[in-house]
Amino acid sequence: METQNNQTILSAHSKVLYKQINYRKASVSFLLLLMGVSIAFMASSIIKDTKSALYMTVVVLGIAMALFFLFKMLFFSREFMYAPTQSEIKDFTLYFNPEELQNLINSIETGSIAIFKKISDSTNSGVRLDILLSDDHQFAACQIYKYVPYNYEAASDVYTINENAREKFCKCIKELGNNKTK
């Protein structure tokens, strides 16, 4: 979740957002890491023919499993939380056509969600909207980026969605996210 662009949104709200370890994800990764090590160790103690394909396959799979879950435990067991409600923060990215940039900025400033009907299916669009939402919809922030050759640059300040428009905004973003995954 912590991309370079989300870093801007996170730093703008550093007083209410914090990073914590998700102990459930970390413990599952640790258990699977131990399973991978034990598979590799058991293969070396049970299979006596160290030149067989079965031995090599099991040892390589055990070591690969251990390394994969070590990586997952170290880098993917952290999550951002919204401090006042202890709610997890999810991030979303939406893409728009470049000609919609000013309309998108105006819509977010006024709290209108009509612009989201014009979302682009392509991830190669010229305008990107990065959004952070809390699970309980008590926090919503976004920032607009425009594509400049080889990079997205900020096209707006970080917007915090006000209390009146937040529920509509969150519902709309969740629906768009669900439609994109189907």
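Along the sequence shown, the residues carry numbers beginning at 1.
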Quick one: closest heavy-atom pair of [X] and [Y], and the distance?
| X | Y | answer |
| --- | --- | --- |
| Ile105 | Tyr159 | CG2-OH, 3.5 Å |
| Val127 | Asn97 | CG2-O, 3.8 Å |
| Ser29 | Met73 | CB-CB, 3.6 Å |
| Ile39 | Gly62 | CG2-CA, 4.1 Å |

Exercise for review: Applying salt bridge (Lys or Arg N to Asp or Glu O under 4.0 Å), name anything that partners Glu79, two or more places apart in sequence or on another chain.
Suggested key: none
If we ignore hydrogens and angles and just use 3.5 Å, is the side chain of [X] paired with the main-chain N or O of [Y] as donor and acceptor?
| X | Y | answer |
| --- | --- | --- |
| Ser134 | Ser87 | no |
| Tyr55 | Val58 | no |
| Gln143 | Ser156 | yes |
| Asp136 | Gln138 | yes |

Practice item. Please indicate whether Tyr147 has more than 12 foreign heavy atoms, meaning atoms of other residues, nucleotides or ligands, lying under 6.0 Å from its OH. Key: yes
Check your understanding: Does atom CE of Met42 have more than 12 heavy-atom neighbours from other groups under 6.0 Å away?
Key -> no
Spacing of [atom1] belonging to [X] relative to [atom2] belonging to [Y], to within rounding of 0.5 Å:
| X | Y | atom1 | atom2 | result |
| --- | --- | --- | --- | --- |
| Leu33 | Phe71 | CG | CZ | 13.5 Å |
| Met81 | Lys19 | CE | NZ | 13.5 Å |
| Ile144 | Asp157 | CD1 | CG | 10.0 Å |
| Met65 | Leu32 | CE | CG | 5.0 Å |
| Leu34 | Phe69 | CG | CZ | 11.5 Å |
| Tyr82 | Ile89 | OH | CD1 | 8.0 Å |

Taking side chain as C-beta onward, heavy atoms only, is [X] less than 4.5 Å from [Y]?
| X | Y | value |
| --- | --- | --- |
| Leu94 | Ile131 | yes |
| Arg128 | Asp130 | yes |
| Lys90 | Leu132 | no |

Check your understanding: In the hydrophobic cluster built from side-chain contacts under 4.5 Å, what are the other members alongside Leu31?
Key -> none
**Study point:** Member of Asp49, Val59, Ile47 meeting the side chain to side chain contact (heavy atoms under 4.5 Å, CB included) criterion with Leu54
**Key:**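 Option passing the side chain to side chain contact (heavy atoms under 4.5 Å, CB included) with Leu54: Ile47.
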Point to revise | Set of residues satisfying side chain to side chain donor-acceptor pair (under 3.5 Å) with respect to Asn106, sequence neighbours excluded | key: Gln102
